[in-house]
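Notes follow once the structure below has been shown.
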Amino acid sequence: MDPIALFNQWYAEEKEQTPVRIPAACCLSTLGLDGYPNARFLALKEIVEGDFVITGPLGGRKGQEVAAHPKVALTFWWTATERQVRLQGDAVRISDQEADRYFFKRLRPAKVVSQTFTQGQPLQDTCLLEEQFKQMTTRLEGESIERPANWGGLRIRPLRIEFLDFKVTRLHERLLFSRTGDNWSKGYLQP
């Protein structure tokens, strides 16, 4: 059994059943520069050659942490199908060409936000947030919005993927795939 094919099957089933607006939401966990774990939600863009692709600003904490410690985890929780998928793997930056392609697909307001703000930096006055966004939207009206230099993406090559199918009986089905080279081995875990 191929874990990527199983992931795609479970993901398709969740998208078919869920009323959630962003079924691609997943939690990226990194090791913080201070030694404490950090976690944040973002959206899976796609799976390319077995690698999980995520995007966003990489100049802040997330990017610094991945650059220092490229071992990361992604966790998916799907409420409609009551399933969880956890994966651990190594993260590498995508190319500028790939980043441009993903940025081009973003909605215009998201592009404006990327041009206007530096994600994660302190905010002096929350009242100015909306005003700055409106000003930049007006300034960029009719123009193509280019990808900021600090905006990119990561490809996460999984080493372990655990599939957890919740059961009312609490006898949850847990299937763990582990990679050695290009080969996957599988085993089952107790609930």
| Is the ring centre of F117 less than 6.0 Å from the ring centre of F133? | no
| request: Would you check if the distance from the ring center of W77 to the ring center of F41 is below 6.0 Å? | output: no
Can you tell me how far the [atom1] atom of [X] sits from the [atom2] atom of [Y], to the nearest 0.5 Å?
X: I161; Y: F52; atom1: CD1; atom2: CZ; value: 4.5 Å
X: S178; Y: N183; atom1: OG; atom2: CG; value: 12.5 Å
X: W151; Y: Q119; atom1: CH2; atom2: CD; value: 11.0 Å
X: I4; Y: Q9; atom1: CD1; atom2: CD; value: 13.0 Å
X: E65; Y: L33; atom1: CD; atom2: CG; value: 5.0 Å
X: T116; Y: M136; atom1: OG1; atom2: CE; value: 4.0 Å

Test item: [X] side-chain N/O and [Y] main-chain N/O as donor-acceptor pair under 3.5 Å:
X: R179; Y: P158; value: yes
X: H172; Y: P191; value: no
X: K111; Y: R147; value: no
X: E162; Y: L176; value: no
X: T18; Y: V20; value: yes

| field | Residue pair F166, R83: steps toward the side-chain contact (heavy atoms from CB on, under 4.5 Å) verdict | value | CA-CA 6 Å; F166 283 83; R83 291 173 170 160; 5.8 Å; no
| task | Assess whether side-chain contact (heavy atoms from CB on, under 4.5 Å) is satisfied between D165 and E82, documenting all intermediate values. | result | CA-CA 7 Å; D165 197 353; E82 295 187 354; 5.7 Å; no
Determine whether the side chains of [X] and [Y] contain a donor N or O and an acceptor N or O closer than 3.5 Å.
X: E13; Y: Q17; answer: no
X: Y188; Y: E173; answer: no
X: R40; Y: S29; answer: no
X: E98; Y: S95; answer: yes

Closest contact, heavy atoms only, [X] versus [Y]:
X: T30; Y: V66; answer: CG2-CG2, 3.8 Å
X: A43; Y: I22; answer: CB-CG2, 4.4 Å
X: L175; Y: G187; answer: CD1-O, 3.4 Å
X: N38; Y: G32; answer: ND2-CA, 4.0 Å

| message | If you apply the rule side-chain contact (heavy atoms from CB on, under 4.5 Å), what do you find for T81 with W10, and how did you get there? | response | CA-CA 8 Å; T81 55; W10 278 25; over 6 Å; no
| request: Spell out, yes or no, whether L129 and V112 are grouped together once hydrophobic residues are joined by side-chain heavy atoms under 4.5 Å, including indirect joins. | output: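 Result: yes, single cluster for both.
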A quick test of your reading: do over 12 heavy atoms of other residues, nucleotides or ligands sit less than 6.0 Å from [atom1] of [X]?
X: R101; atom1: CZ; result: yes
X: R108; atom1: CZ; result: yes
X: E49; atom1: CD; result: no
X: E143; atom1: CD; result: yes

| query | Distance under 6.0 Å and angle within 45° of the ring axis: does K105 meet both against F103? | reply | no
| said: The test is ring-ring contact (aromatic ring centres under 6.0 Å, His included); show your working for F7 and W78 and say whether it passes. | reply: CA-CA 12 Å; F7 179 89; W78 293 322; 5.5 Å; yes
| Under the side-chain contact (heavy atoms from CB on, under 4.5 Å) criterion, do L58 and R93 qualify, and how do the steps go? | CA-CA 9 Å; L58 297 179; R93 284 188 80 145; 3.5 Å; yes
Within-4.5 Å side-chain heavy-atom neighbours: [X] and [Y]:
X: K45; Y: I54; value: no
X: V85; Y: L164; value: no
X: Y36; Y: L31; value: no
X: V53; Y: I47; value: no

| task | Before giving the answer on ring-ring contact (aromatic ring centres under 6.0 Å, His included), spell out for F76 and Y11 the whole-Å C-alpha distance, their side-chain angles and the decisive distance to 0.1 Å. | result | CA-CA 9 Å; F76 297 83; Y11 184 38; 7.1 Å; no
| task | Check each of R157, K71, R155 against D90 using the salt bridge (charged side-chain N to carboxylate O under 4.0 Å, His left out) test, and report the only one that passes. | result | K71
